[in-house]
Amino acid sequence: VPGVPLVSPPAEIEKPRILWDRPLEGHVYGSALAGDTVALLTLKPGANEWTIEGRRAETGERAWHGVAPGTSLGPEVKGAIIVSGRDGTRARDVATGKERWHFSRPVNETNKNDEALGGFQSPAILDGECLYAADYVPSPKQKDAVGPSTFYCLGPEDGKPRWSTTIPTGTIGPSLAQNRDSVIVVREYGASAVDKATRRVRWNIDFNSTRAPAALAADAAYL
């Protein structure tokens with residue numbers, strides 16, 4: 001009817017159909033899907049050791065589990081899941097849980113004041129050529145301080161270092177972005193731009209601590 005608004009009753013909000021659920025033995029601190037396997041990084045309340053397990057995506061059945069070789073899950077690389085932590089970065093076969101390769105940290109400083117050990121956090125594959133990872137190295141002298149760290153390009157399939165460069169501080173959490181020319185490392189108390197062609201730091205900027213990745217345009221970085 002002209003002039004009369006068309007009114008229809010609101011649609012009922014549907015509940016999703018749960019395909020399966022499985023009880024877990026700890027809190028989940030990371031998850032990643034690789035092929036037909038879901039990898040979970042868990043920690044039991046009050047426990048000191050992290051655990052990692054693989055579950056079949058279609059059924060939730062646990063295929064393998066064990067002590068986690070790190071505290072941060074990275075991307076999937078041709079059937080392997082990347083796990084990073086204090087002693088380096090590893091690739092675990094998602095079907096069996098077996099280790100494919102291990103990149104050990106060349107620098108392993110320890111702060112005697114707070115026993116901080118640092119490590120790798122949230123590596124990322126941005127261009128298909130490198131598994132980028134920035135180390136987090138506590139200052140060996142000053143409490144609650146971060147020292148000079150290293151930004152690595154690792155071979156995604158073998159974990160071998162292809163090149164590296166020094167950055168002022170390390171990273172915690174997701175912190176990498178790229179455009180055609182540069183990789184932006186959002187690090188503790190600042191950010192650095194690493195030129196992919198020269199493999200050197202183009203610029204550094206310092207500001208308050210941040211945890212979010214950068215947003216990049218062709219000629220600007222939004223931090």
Side-chain angles (χ1 to χ4, degrees), residues 8-103 105 116-128 130-136 154 156-159 170-178 186 188 209-215:
S8 61
E12 182 180 354
I13 298 176
E14 298 181 8
K15 293 183 178 180
R17 183 168 60 94
I18 297 176
L19 300 180
W20 53 260
D21 60 18
R22 296 287 184 271
L24 299 175
E25 297 177 355
H27 300 303
V28 177
Y29 285 86
S31 61
L33 177 65
D36 61 354
T37 302
V38 179
L40 299 175
L41 198 63
T42 60
L43 181 66
K44 294 181 180 180
N48 295 321
E49 284 188 332
W50 295 62
T51 57
I52 187 171
E53 61 183 58
R55 291 183 176 269
R56 302 306 180 201
E58 292 186 357
T59 65
E61 179 185 0
R62 190 167 71 178
W64 52 268
H65 75 285
V67 176
T71 56
S72 176
L73 281 181
E76 182 264 344
V77 181
K78 292 189 176 182
I81 194 72
I82 305 300
V83 187
S84 293
R86 289 176 174 175
D87 67 343
T89 297
R90 289 176 164 86
R92 284 287 184 95
D93 188 288
V94 293
T96 65
K98 294 182 179 179
E99 184 175 299
R100 288 189 181 180
W101 54 258
H102 174 208
F103 173 68
R105 290 177 69 199
L117 297 175
F120 289 110
Q121 291 273 349
S122 301
I125 295 178
L126 302 178
D127 51 20
C130 291
L131 174 65
Y132 293 107
D135 202 356
Y136 182 82
L154 304 178
E157 297 183 15
D158 57 16
T171 62
I172 297 180
S175 56
L176 301 175
Q178 71 149 359
V186 182
E188 186 82 338
S209 179
T210 183
R211 295 293 180 268

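Along the sequence shown, residues are numbered consecutively beginning with 1. What's counted below: heavy atoms across the whole structure, side chains too, no hydrogens, waters or symmetry copies.
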Subject >> side-chain contact (heavy atoms from CB on, under 4.5 Å), paired with Leu176, selected from Val186, Ile125, Leu126 >> reply: Leu126
**OP:** Scan residues 14-30 for pairs that pass side-chain hydrogen bond (donor to acceptor under 3.5 Å, both in side chains), counting only residues two or more places apart or in two chains.
**Re:** none
About how many Å separate [atom2] of [Y] and [atom1] of [X], when rounded to the nearest 0.5 Å?
{"X": "Ser84", "Y": "Tyr136", "atom1": "OG", "atom2": "OH", "answer": "15.5 Å"}
{"X": "Glu76", "Y": "Thr37", "atom1": "CD", "atom2": "OG1", "answer": "10.0 Å"}
{"X": "Arg92", "Y": "Trp101", "atom1": "CZ", "atom2": "CH2", "answer": "12.0 Å"}
{"X": "Lys98", "Y": "Thr96", "atom1": "NZ", "atom2": "OG1", "answer": "5.5 Å"}

Subject >> Side-chain touch Asp36/Glu58, heavy atoms, less than 4.5 angstrom >> reply: no
**OP:** Identify the two heavy atoms, one from Ala177 and one from Ala214, that lie closest to each other, and give their separation to 0.1 Å.
**Re:**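 Heavy atoms of Ala177 and Ala214 come nearest at CB-O, 3.4 Å.
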**OP:** Looking only at non-hydrogen atoms, find the nearest pair between Thr89 and Phe120 and report the distance.
**Re:** OG1-CD1, 3.4 Å
**OP:** Could you tell me whether Arg100 and Asp93 make a salt bridge, using a distance below 4.0 angstrom between a side-chain N and a carboxylate O?
**Re:** yes
Non-neighbouring partners of [X] that pass salt bridge (Lys or Arg N to Asp or Glu O under 4.0 Å), sequence neighbours left out:
{"X": "Asp158", "result": "none"}
{"X": "Glu157", "result": "Lys78"}
{"X": "Arg56", "result": "none"}
{"X": "Arg90", "result": "Asp87, Glu99"}

Return a table of donor-acceptor pairs under 3.5 angstrom between the side chains of residues 63-75 and protein atoms on other chains or two or more places apart.
unit_1 : atom_1 : unit_2 : atom_2 : d
Trp64  : NE1    : Val94  : O      : 2.8
Ser72  : OG     : Ser122 : N      : 3.0

**OP:** Output all residues satisfying side chain to side chain donor-acceptor pair (under 3.5 Å) with Asp127, sequence neighbours left out; order by chain, then residue number.
**Re:** Tyr132, Lys196
For a quick test of your reading: what N or O donor-acceptor pairs under 3.5 Å do the side chains of residues 38-49 make, sequence neighbours left out?
unit_1 : atom_1 : unit_2 : atom_2 : d
Thr42  : OG1    : Thr51  : OG1    : 2.4

